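Each chain gets a letter, A, B and so on, in the order the sequences are listed, and its residues count up from 1. As the structure is a computational prediction, the values presented were derived from the model and not from experiment. FYI, side chains are in, hydrogens and waters are out, and symmetry mates aren't considered; it's all heavy atoms of this structure.
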Amino acid sequence: MLELSSKELQRAVEELSGQKVFACYQCGKCSASCPFAAEMDLTPRQVLEYIMDGRVEVLNSNTIWICASCFSCMARCPNGIDISKVMEALRQLLLRSGRDQLDLLKIPEADLKEIPQIAFIAGARKLIG
Amino acid sequence: MSEREEPRVGVYVCHCGTNIAGVVDVEEVAKAAQALPGVVVAKHTMYACSEATQREIINDVQQEKLNRVVVAACSPKMHEPTFRAALERAGLNKYLFEMANIREQDSWVHKDGHKATEKAKDLVRMAVARARLLRAYEERELPVGERVLVVGGGIAGIQAALDLADSGYKVFLVEKEPFIGGHMAQLDKTFPTLDCSTCILAPKMAEVARHKNITLLTNAEVTEVTGFVGNFKVKVRQKARFVTSECTACNECVPVCPVAVPDEFNMGLGLRKAIYKSLPQAVPAEYAIDIENCLNKPNLLVCEKCLEACSPKAIDFEQPREKELELAVDTVIIAIGADPYDPSKGQDYGYGKYENVITTIDFERIIAPTGPTNGKLLRPSDLGKPQRIAFIQCVGSRIANPELVGNPYCSGICCMVSIKQALLIREKLPEAEITIYYIDIRAKGKGFEEMYRRARLAGIRFIKGLPAEVLENDDGSLTLVGENILLGELYEHRHDLVILSVGLEARKESEKVQKLLGVARSSDGFFAEKHPKLEPVDTATTGIFLAGAAESPKDIRESSTQAKAAASRAARLMKEGKIRIEALTAEVREEMCVACGICESVCPFNAIHVDGTSKVTEAACQGCGVCAASCPVGAITMHNFTDEQILAQVEAALAERPEEKAIVFTCNWCSYAGADMAGTSRLEYDPSVRLIRLMCSGRLNPKFVLRAFELGAAGVLVTGCHPGECHYQSGNYRALSRFQLLQGLLRSLGIAEERFGLEWVSAAEGERFSQVVNAFADRLRRLRAAPEEQEMVEVH
């Protein structure tokens, strides 16, 4: 895990995302809107609560990698928080410390032929620093 | 005091505890004041408003023969009356007093102690310069009679009307619908006592109808209001009812009427005839004909079935469709209520698309015994008995996302509405599953928390976490998708009926009423009170008061409380029989007047006329100063806001380092109050600005601006009320056209146009005020940093 204090985490997320995380009043509409919430270990709402509570372990959550940036959460957020950007900020925190989530060289040749080009590029953008 | 007497000014600089002294060096400000011309006494004091300091001021006036007093402290809107009263106690005319606002405009909005102290010195210098030129005025008294107009016949209007009528005042109650009672008449039962709404409302409505001091005008709308307290002239347009007072409410007409249209009283859930009444207990008791939907169209089609059926011969199709009434009243109470939020606007949760998604107000009609199902709890799609019922809270409320439809505030009533309705369902359907999806339950009020507890004990489920969406199933049931946030688990729950708990929002007609009466609204659309805590039912206009949900969302009890307060405020004015009006009128120097008539054409109040020379009707003059600013020969003097006084403030503000300072002209009602709001909210802004208060932005004489630039001011910013919101009807439009003319003139004088600005700021927009000032100061700073660029711009 990154060496971050609670305050540093909060400041970094707000700075990288440009979002006012503390405007969240925990209504849960984001989680309910998220098409992948069932796959996540923390729901999107919980990710925000973790940040507000200064829990750095939010960076270990699989949620930030599962998030597909579909913006459903943002479209319904009554407080106008673009949660996709918050997820991206958390990803960036890790990626910028040199921790790629994907090794392109390790993708089997057969899969490479199957994966659409656009998905390949999107995956590279999202998962590589 | 004679006008030639040498000014002897006393200056008192207030610490306001640490509110001012924590930032501003008050000793230094007092020392600087001592050196100003005309200043005899300059002191600093812990609390200027304390009785001890007031006595000290009175003593100084008498001992030191002071004839002008300046207090540098808070906003004049706060304590000007206090110190004016002290002057009167000292035997000095109250208009010989001036305040320098070094708290709201200085210590509360600047952190840099040095800059704040410099600004305080400037503000005091400006106040002293103005004070030296102040004159004494006598205030006039206006008669105030005993007639009051109440706009709106809901519970607030009814309560205010009855209290005033009982106290002997003559009340005109104007209601736009054919029946009074408002939203309260639509409710089944009321929280937290569960007493029947109609049972407690009907006697009040009946009392309105028979009260000898109340003239009830239904089907009527106010179309014009002119004048002022004690002398309002009101025009009312009343649509015909086509049913006379001969009506015995026997109901013979209704069954024979062949028309059926959606019943708005029942939220469109049922049908009504073209001749109808809202409730059996409706007031007035006479039926009304909805002529738009009636088949009887003269020269086209004759349906007179109701006419034939009516044995008392109470139906009269000969009535003119509309009539205009003129009323003269002394005070006005605005009680127009609020609209429930309409979820179809934002397509929330499929409202308007799925039949079994309804609002809490729709539900009131479904369970009310007078409603379309006669009180049977049936769901709309198949008239089946719902067994799984959900409430969703905060629909259209607490929305701070500008991309979404809804209101940013909490209405404060919807939680209790849902809890009440859930308990009513529990009574009727003991086996039903009832779930309330919420974020926070707000149950603040007498007996509210107890009712919330009762609901929990009655087995009503409260699930924290709002659904993101509602999906309709083939059988008409609905699936709610959301997260139970206390469990951190996603849910998909099926319900037979979904009730959206909607808040209240400002009436559609608010804007119209606002313009008719010239009163302000806050950014949420509701009418603005004079002071949010201490004057909660007054408006900024003397003689106009607020009652009920017109001012902010309210339940019945709060509406009643406020209505009774408004009635008492109005009675207090009318009981006195007269009111003293500030001596802020225009005066024509007849020897200078050329009788051009421009003043007459610009006066919004019909208060100045050319008769040889221009003459002011003092009782009608509101003191905006539009005439004085328009007079081409400078023949009009505004009392207490003379050209000389304002120019003296401009000169004093720019006495030192003018190139670093911007003059901001504010109007008394909107932008000055907006600056005060920035102060009370501690919203920091650039310390280079110096505010000068005018009564109206329309008072801005171009020479004030030209003088500022002549003295080398960095910039001049004019601020006023938003278009359509001018306290004097149209002064800000005058300011706008003068601004545009001046822009051209300044350009030809080689003054960069960025140095002159115009912005609208309302009394509630503290944040906007600070943003506007910062943006202007930034603009000036950039201009100073790149003077060549500026020249280039001018060359092209």
Side-chain angles (χ1 to χ4, degrees), chain A residues 14 17-55 57-58 60-64 66-87 90, chain B residues 341 343 346-350 390-411 414-415 435-442 462-471 478-493 498 500-503:
Chain A
E14 291 211 326
S17 68
Q19 300 301 303
K20 293 178 179 156
V21 174
F22 286 89
C24 174
Y25 57 45
Q26 296 280 302
C27 68
K29 283 188 184 178
C30 48
S31 311
S33 308
C34 178
F36 293 112
E39 312 300 323
M40 296 169 168
D41 52 7
L42 293 178
T43 63
R45 173 195 63 79
Q46 284 174 319
V47 167
L48 286 164
E49 182 64 22
Y50 268 55
I51 298 169
M52 290 192 283
D53 204 41
R55 297 191 184 196
E57 62 265 35
V58 70
N60 300 336
S61 159
N62 73 11
T63 302
I64 59 180
I66 292 174
C67 166
S69 300
C70 71
F71 304 120
S72 300
C73 47
M74 173 194 82
R76 292 216 176 91
C77 176
N79 289 302
I81 306 170
D82 188 338
I83 297 156
S84 322
K85 286 192 178 157
V86 173
M87 298 291 182
L90 293 169
Chain B
Y341 170 76
Q347 297 171 328
D348 302 307
Y349 299 120
F391 289 87
I392 303 177
Q393 295 307 115
C394 300
V395 176
S397 298
R398 305 176 70 192
I399 306 289
N401 182 351
E403 303 287 315
L404 298 178
V405 182
N407 298 304
Y409 53 85
C410 163
S411 283
C414 342
C415 286
T435 312
I436 296 182
Y437 296 91
Y438 73 102
I439 330 175
D440 302 289
I441 291 290
R442 290 177 179 171
F462 287 82
I463 293 183
K464 191 168 164 81
L466 293 183
E469 58 185 333
V470 171
L471 304 167
L478 302 144
T479 299
L480 271 54
V481 185
E483 182 192 9
N484 179 326
I485 72 173
L486 298 180
L487 295 176
E489 287 170 9
L490 300 171
Y491 60 74
E492 279 190 22
H493 291 164
V498 172
L500 308 183
S501 194
V502 292

In chain order, what residues pass the ring pair (Phe, Tyr, Trp, His ring centres under 6.0 Å) check against Phe462(B), with sequence neighbours excluded?
Tyr452(B)
Toward chain A, the part of Leu404(B) with a non-hydrogen atom under 4.5 Å:
side chain
Looking at Gly28(A), Cys73(A), Ala23(A), which one has more heavy-atom pairs under 4.5 Å with chain B than the rest?
Gly28(A)
Using heavy-atom distances under 4.5 Å, tell me whether Leu490(B) contacts chain A through its side chain, its backbone, both, or neither.
side chain
Taking all heavy atoms of Lys464(B) and all of Asp440(B), pick out the closest pair and write down the distance.
NZ-OD1, 3.8 Å
Output, in order, the C-alpha distance, side-chain angles, deciding distance and verdict of side-chain hydrogen bond (donor to acceptor under 3.5 Å, both in side chains) for Ser397(B) and Asn407(B).
CA-CA 5 Å; Ser397(B) 298; Asn407(B) 298 304; over 6 Å; no
Give, as side chain, backbone, both or neither, the part of Ala75(A) having an atom under 4.5 angstrom from any heavy atom of chain B.
backbone
Looking only at non-hydrogen atoms, find the nearest pair between Gln393(B) and Leu466(B) and report the distance.
O-CD2, 3.6 Å
Identify all side-chain donor-acceptor contacts of residues 30-38 of chain A below 3.5 Å with residues at least two apart in sequence or on another chain.
unit_1	atom_1	unit_2	atom_2	d
Ser31(A)	OG	Thr43(A)	OG1	3.4
Ser31(A)	OG	Arg45(A)	N	3.3
Ser31(A)	OG	Glu483(B)	OE1	2.5
Ser33(A)	OG	Lys29(A)	O	2.5
Ser33(A)	OG	Arg76(A)	NH1	3.0

Chain B contact via Gln46(A) - which portion, at a heavy-atom distance below 4.5 Å
side chain
For each of Glu469(B), Glu489(B), Arg398(B), tally heavy-atom pairs with chain A at distances under 4.5 Å, and name the one with the top tally.
Arg398(B)
